[in-house]
Amino acid sequence: MKNALAFALLCWASISLAQNAANYTVSGTITDAASGETLIGVTVRAENGAGVVSNEYGFYSLTLAEGAHTFSFAYLGYLTMNRELVLHQNQKLDIALSDNTTLLGEIEIKAEKREEHVERALMGVEKINMADLKSLPMLLGERDVLKTIQLLPGVKSAGEGNTGFYVRGGAADQNLILLDEAPVYNASHLLGFFSTFNADAVKDATLYKGSMPPQYGGRISSVLDIKMNDGNNQKYELSGGIGLISSKLNVEGPIQKGKGSILVTARRTYLDLLLLTSKDSIRKSTVLYFYDLNTKVNYQIDSRNRIFISGYFGRDVLRFGSGSFGVNWGNATATLRWNHLFSDRLFSNTSLIFSNYDNNIAIKFGANDFRISSRIKDYNLKQDFQWYPNSRNTVKYGFQIINHTITPSSVDASETSELVGNNAAQKRYGLESAAFISHEWQAGKRLNLTYGIRISDFAVLGDGDFYTYDADGKIVTTTTYGKGEVVKNYLVPEPRITGSLRLTERSSIKAGYTRNAQYLHLLSNSTASNPTDLWMPTTNNVKAEIADQVSLGWFRNFGTESEYEFSVETYYKSMLNQIDYRNGAEIQGNPNPEADLLYGSGRAYGLELLLKKKAGRFNGWISYTLARTERKIPGINNGNYYAAKQDRTHDLSIVAMYQLNQRWQLSANWVYYTGNAVTFPSGKYEINGSTTYYYTERNGHRMPDYHRLDLGAVFQAKKTKRFESEWAFSIYNAYSRKNAYTIMFRDSETRPGTTEAVKTSLFSIVPSVSWNFRF
Amino acid sequence: MKYFAKFSLFLALPALLLISCDQEEIIELDLNGAPAQYVIEGSVTDEAKPFQVRISKTVEVDQPNDFPAVSGAVVVISDDSGRIDTLSETLPGMYETTQAIPGASGRTYTLQVWVAGHYFSAHSTMPALVPFQDLRVIPLPFGGENTLVMTPVFTDPAGLGNNYQFVQSNNGVRQPYIFVADDRNNDGAQISTLLLSPDLETLKGDTVSVEMRNIDRATYKYFVALDASNGNGPNASVPANPNNNFEGACLGYFAAYTVQRKSVIVE
């Protein structure tokens, strides 16, 4: 905290030194002309090549020499706007860009001849195009950001139909998922099959696989930064969709035209209604659904101040046995943000964020009535400054403080419960703080550099009992700490640097180094996301996870309009203080889970190829990843390196979208990957009269290869100024490949006295249809 | 209270089944042959009967479940009061004590095995007996029909370190499920442990007997790990061989435990 303040002051002091008299600043906010939504990542460029990109609030600032300039504002899917301006004083220039489909009635997406892809010092960054998201086929027709990113190089799916993902060899919990700056702890519904992000409400999603800007931290593998729509500030609009398993409704409109807007988006699934058709009485009496509610209000107070209040609330509910067994879990986040312009060149955002994830199991039968619940709760203060001193430099700095409270499973029983008593587990407290600064520097005509540092700190706080363990996991000492006492402190400097060197007009090489630290760890023993998976803070025993990543890439654009982008990236990542369970660990109902943990290191390396056609009637991409991920943990696999469960050698995705005519848009994607590492038995024996399997090596075997084709089509049924509707069709797993979800071994029923390997596959061909409307 | 974790099984399984078509298919896999390992299963109880040790070997996964008995081993059980006995092979691979060494709480027993140039040994201490107070049948209203669950009741003595194992037999047939419990969540309390397993079906009219064992910590950990590595139970994990208390690399366990039984006819 003290560091953060000193740091901020230092940055403040440097501002006054950098003022330059002969230069003036043009700044403003870039929005969508029809809806008033701010646009993130718009390229603003002056005729002399000086440029900047609009920030996450649509703000840009560009400082140039006095005189006449021509500015272009370019954004994919929008018409580029050119403005001429004579600068003789600092000037405000707000820009409203038109979607090139709405204005011309033309469907084709035009890309401007832009070379950001090769130019900017950004590596391992993927921006998800929301238009792709709307046209790609999806399981049960649910459009999903988390499933779309799995089609990109370096991102692997956690399993069939699953929203969990692994980035460059990291584990699923090593991805920082932010929704309007609030961390989301469990980004999935229904054991991972659907994500918590209602795709209709998402404005922008950017995935950082490496070279994360220093304002992000807390997870070692990736950052997925998701921004919600702000809401239309021009007119009221109602839109929605009715699908096979869920319906969505979206209401948005101005509070005061052009100044502020409100947005409410809701989604609910009705999977349980389908169950009513089941003959099975257990299925029939089951209640199973989830819902999401997103709300957002924003208001422009004056030209220098804007506030946003947003909230997300989502929950899964599962009940069966006539209400005697119920479980529900979900996230709630609330964010208050304040954008303030200290000057035309200094943008500030202050965020106050609340984030909560909890899961509750309620059991009721006879006299027994009890609840098992666990929770993770954060209060988070984040301050960002973005300073644009001149056209060649951008400096971002700030600090963040998060107060974590983690409640592992606690039992709350009624007095009449004879089977179980109250059991309050010890809460754990932690204070995570960080200060960061980064400098984006156009160092030369061909060289761009972004470098910076994040200094993060985690204080393990009391009250509570803290233990030390011997090699077998037995408690050796117990120390009791009082409230707020510091048990242990971890300070990790996280330097980051990325550079791009332009070789020709349309090609460049880039290199980067990034360090990340992680202080919260998800203990999970399965691939399916389980709501009861335990989040564990760093303690005196569990150390901060640290990852160092170096990457190198070659970027090339080609085509007459630079509509093709090609890139090759390689990376090597080394990970410290990785956590795994001991053999035979007790995962649930364990009062001392730390006793069952082992610590070691990991390494991951790979090659990623991406060829993308981003414009034209036919567009899409081919992505290929060659990768290896290994861990080395004393006590597992005799202390030798072994393949991590997410290790997968080859991964290929082909995505194609084709605009057939004004009404039909077709899409297809095909994925192929070789099997994940898995442990199969190498022999069997008998214990207690049951067949038991004998294992030789951790993750020494491979699951079978996976491949799948999905097809989609969107039919524009009606389009007038007032009303728009479309039908979206998709076929998941079109050739009904029976991909292995699990492989289990059991005594054969057909050939008694032998063992059979049983492959379970989840989905064969799954067709779906949904209807979407807007008026 | 440990049993509550098993509820999550009931949670995860149906939810998966509900949205998927869940298709099974028998497949062929080539699982590399590994050298055969010795498997030793030995126990000492407080019952007045000979202690038994069974020695066998592993076979390859695609072979029939005929686990080769290991004959001709020298098997010795001794206790910490100096009693010692060399077991005799009563059936191929099955060794029994010849003279009555009493099994008593607090005593530490040692098993030693010499076979084909290998030597294995293990110790186990028989814990104090905790009285088995009651065996109840509890209907759990999960699913459409009530599920009948055996529930042994006992009072855990104050002080950590009591570990329990239960073996259920329905109509005289031993059920292949592992039930173990410890007192870390409910030390000194009256404990009712639900013997809950998703495949275990108890019907009205069944004669059900439950054997309660007081086991030592190593045995407890062995069975937790064994259950988990078979992909069962709340702790289902990446498969691995359970750690055991043997010196010398072999599979299996050696446990000294007390035995009490109760049975009911389910109404």
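The chains referred to below are lettered A, B, ... by the order of the sequence lines, with proteins before strands, and numbering in each begins at 1. Not measured: the values here are computed from a predicted model.
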Enquirer: Which answer fits B/I27, side chain, backbone, both or neither, if we ask what part of it has an atom under 4.5 Å from a heavy atom of chain A?
Expert: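 For B/I27, heavy atoms of backbone and side chain both lie under 4.5 Å from chain A.
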
Enquirer: If I measure from the heavy atoms of chain B, does A/I743 come under 4.5 Å with its side chain, its backbone, both, or neither?
Expert: side chain

Enquirer: Quick one: does any side-chain atom of B/N241 pair with a main-chain N or O of A/Y694 as donor and acceptor, under 3.5 Å?
Expert: no

Enquirer: So what's closer than 4.5 Å to chain A heavy atoms on B/E25: side chain, backbone, both or neither?
Expert: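 When you check distances to chain A, atoms from both the backbone and side chain of B/E25 fall under 4.5 Å.
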
Enquirer: Side chain, backbone, both or neither: which part of A/R746 has a heavy atom under 4.5 Å from chain B?
Expert: side chain

Enquirer: Determine the minimum heavy-atom distance between A/Y685 and B/F67, stating which atoms define it.
Expert: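 Minimum heavy-atom contact is CA-CE2, 3.5 Å.
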
Enquirer: At a 4.5 Å cut-off on heavy atoms, which part of B/P239 comes close to chain A: side chain, backbone, both, or neither?
Expert: both

Enquirer: Taking every heavy-atom pair that is under 4.5 Å apart, which of B/N243, B/D62, B/V39, B/V59 has the most such pairs with chain A?
Expert: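 Of the options given, most contacts go to B/V59.
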
Enquirer: Does A/E142 have any side chain to side chain donor-acceptor pair (under 3.5 Å) partners at least two apart in sequence or in another chain, and if so, which?
Expert: A/S246, A/R267

Enquirer: Under 4.0 Å between a Lys/Arg side-chain N and an Asp/Glu carboxylate O for A/K684 and B/E60?
Expert: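 B/E60 and A/K684: not salt-bridged.
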
Enquirer: Give me the atom names and distance for the closest heavy-atom approach of A/I687 to B/G252.
Expert: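 Heavy-atom minimum between the residues: CD1-CA, 3.7 Å.
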
Enquirer: Assess, by modelled atom type and distance only, whether the side chains of A/N688 and B/Y253 contain a donor and an acceptor separated by less than 3.5 Å.
Expert: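 Looking only at side-chain atoms, B/Y253 and A/N688 do form a donor-acceptor pair, the distance falling under 3.5 Å.
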
Enquirer: Measure B/Q37 against the heavy atoms of chain A and call it side chain, backbone, both or neither at under 4.5 Å.
Expert: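 Just the side chain, heavy atoms under 4.5 Å.
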
Enquirer: Non-hydrogen atoms of chain B under 4.5 Å away: do they reach the side chain of A/S690, the backbone, both or neither?
Expert: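 The side chain, not the backbone.
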
Enquirer: Counting only heavy atoms not in A/R737, do more than 12 fall under 6.0 Å of its CZ?
Expert: yes

Enquirer: Considering only heavy atoms, which portion of A/D580 lies under 4.5 Å from any heavy atom of chain B: side chain, backbone, both, or neither?
Expert: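 Neither part; nothing is under 4.5 Å.
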
Enquirer: May I ask you to name which of B/V167, B/L251, B/V153 has the most heavy-atom pairs under 4.5 Å with chain A?
Expert: B/L251

